[in-house]
Amino acid sequence: MSLKETIETEYKNALKAKDKSKISTYRLILSSIKDLDITNRSGPNKKETDDDDIKKVLKKMVKQRAESIEIYKKNNRTDLLEVEQNEHDILTSFLPKQLSEEETKKICEQIISKTGATSVKDMGKVMGALKKEHSDEIDFVKAGSLIKELLNK
């Protein structure tokens, strides 16, 4: 079952359960996927929307929610914080599990030694190798700061 079909099934289940928060989140996801479909069908590079495209959209949505959560925490807006946190949890449930900080650090160390990186100038090479091998399971914001830290030792 494709990721889009899974999301549509979850949406139908939320409709049956009359879970308003899930319904609105699934509608947001499905409308973003529909926008992506339209974008992919028009223009010079026509293609079908696949799971990787949908994962990119979901990652973008998760990042937006994470930024909003931080702002709401700083401003003590618990009412809005709960809504954003709920949406964040639903969105992340469709993405592969992210590695912990220790696991990310271990992988970064392995990639650095494999690529022979010695300074921050080699960061692009390390990030490229990291994206090629672990694109779905690593938070690249964390990985970037870890790699800088490791290369500055």
Side-chain angles (χ1 to χ4, degrees), residues 1-43 45 47-109 111-112 120 123-124 126-153:
M1 185 184 294
S2 74
L3 190 54
K4 183 178 179 182
E5 290 169 343
T6 305
I7 294 168
E8 287 170 341
T9 302
E10 290 296 320
Y11 173 61
K12 289 173 188 171
N13 292 339
L15 283 172
K16 288 176 187 171
K18 296 182 179 159
D19 187 338
K20 289 182 181 175
S21 65
K22 284 185 178 180
I23 291 170
S24 67
T25 304
Y26 291 132
R27 282 185 178 151
L28 282 171
I29 296 169
L30 291 170
S31 70
S32 294
I33 292 171
K34 194 169 275 189
D35 288 343
L36 183 65
D37 281 338
I38 292 168
T39 304
N40 285 344
R41 278 186 283 158
S42 61
N45 302 328
K47 68 172 201 150
E48 283 294 315
T49 303
D50 59 8
D51 283 356
D52 288 337
D53 294 333
I54 294 172
K55 285 178 189 174
K56 286 178 189 170
V57 168
L58 291 173
K59 284 180 186 177
K60 182 178 174 187
M61 293 174 81
V62 166
K63 185 177 179 185
Q64 290 169 340
R65 298 309 177 282
E67 290 169 358
S68 297
I69 287 169
E70 289 304 311
I71 292 169
Y72 294 147
K73 280 181 182 175
K74 286 180 188 170
N75 295 316
N76 237 6
R77 294 295 308 264
T78 53
D79 53 333
L80 297 172
L81 178 67
E82 287 177 28
V83 173
E84 290 294 315
Q85 187 64 53
N86 189 20
E87 287 181 6
H88 183 274
D89 295 342
I90 291 170
L91 290 166
T92 53
S93 70
F94 294 109
L95 293 170
K97 193 78 177 146
Q98 297 286 300
L99 296 175
S100 69
E101 195 160 334
E102 302 105 41
E103 293 169 318
T104 302
K105 188 173 183 177
K106 230 181 268 181
I107 289 171
C108 289
E109 288 169 345
I111 299 281
I112 287 171
V120 181
M123 191 157 169
V126 175
M127 289 297 273
L130 201 59
K131 281 186 178 177
K132 189 185 280 185
E133 295 178 27
H134 303 281
S135 64
D136 283 345
E137 56 212 10
I138 286 184
D139 178 0
F140 285 96
V141 174
K142 286 182 196 171
S145 60
L146 279 171
I147 291 169
K148 277 183 190 170
E149 187 182 304
L150 291 167
L151 290 174
N152 283 329
K153 282 186 178 178

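Quick caveat, the model's predicted, so the values are computed rather than measured. All values below were derived from every heavy atom in this structure, side-chain atoms included, with hydrogens, water molecules and symmetry-related copies excluded.
- With sequence neighbours left out, the side chain to side chain contact (heavy atoms under 4.5 Å, CB included) criterion links N76 to no other residue.
- Using a 4.5 Å heavy-atom cutoff, the side chains of E109 and I112 are not in contact.
- The shortest side-chain heavy-atom distance between I29 and Y11 does not fall under the 4.5 Å cut-off.
- The only option from V62, I54, I7 that meets the side-chain contact (heavy atoms from CB on, under 4.5 Å) definition with F94 turns out to be I7.
- Here the side chains of E149 and K105 are in contact, with some heavy-atom distance below 4.5 Å.
- Sparse packing is recorded around CD of E48, with 12 or fewer heavy atoms of other residues, nucleotides or ligands lying under 6.0 Å away.
- Between D35 and V57, the closest side-chain pair of non-hydrogen atoms is not below 4.5 Å.
- You'll find the side chain of K34 stays beyond 4.5 Å of the side chain of L30, heavy atoms only.
- Looking at S21 and V83, their side chains never come closer than 4.5 Å, going by heavy atoms from C-beta outward.
- R65 contributes atom CZ, which lies 10.5 Å from atom CD of E67 (distance to the nearest 0.5 angstrom).
- K60 contributes atom NZ, which lies 6.0 Å from atom CD of Q64 (distance to the nearest 0.5 angstrom).
- One finds the CG atom of D19 at 7.5 Å from the CG atom of N86 (value rounded to the nearest 0.5 Å).
- No donor-acceptor pair under 3.5 Å is formed between the side chain of R27 and the backbone N or O of I23.
- A side-chain N or O of D89 and one of Q85 form a donor-acceptor pair less than 3.5 Å apart.
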Set out, in order, the CA-CA distance, both residues' side-chain angles and the distance that settles side-chain contact (heavy atoms from CB on, under 4.5 Å) for S2 and D51, then state yes or no. CA-CA 7 Å; S2 74; D51 283 356; 3.8 Å; yes
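- Considering CG of L58 and CG of L95, their distance stands at 5.0 Å, rounded to 0.5 Å.
- The minimum heavy-atom distance linking M127 with I147 is given by the pair SD-CD1, 3.4 Å.
- Atom OG in S32 sits 8.5 Å away from atom CG in L36 (nearest 0.5 Å).
- At most 12 non-hydrogen atoms from other residues, nucleotides or ligands lie less than 6.0 angstrom from NZ of K132.
- Counting non-hydrogen atoms of neighbouring residues, nucleotides and ligands closer than 6.0 angstrom, the NZ atom of K22 reaches no more than 12 such neighbours.
- K73 pairs by the salt bridge (Lys or Arg N to Asp or Glu O under 4.0 Å) definition with nothing, not counting sequence neighbours.
- Between N40 atom CG and T49 atom OG1 the span is 4.0 Å, to the nearest 0.5 Å.
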Starting from the C-alpha separation in whole Å, work towards a yes-or-no answer on side-chain contact (heavy atoms from CB on, under 4.5 Å) for N75 and L80. CA-CA 10 Å; N75 295 316; L80 297 172; over 6 Å; no
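- When all heavy atoms are compared, the tightest approach of H88 to A66 is CD2-N, 4.1 Å.
- The only member of D53, D50, D37 that meets side-chain hydrogen bond (donor to acceptor under 3.5 Å, both in side chains) when paired with K4 is D37.
- Residues L150 and V126 have side chains not in contact (no heavy-atom distance under 4.5 Å, counting atoms from C-beta outward).
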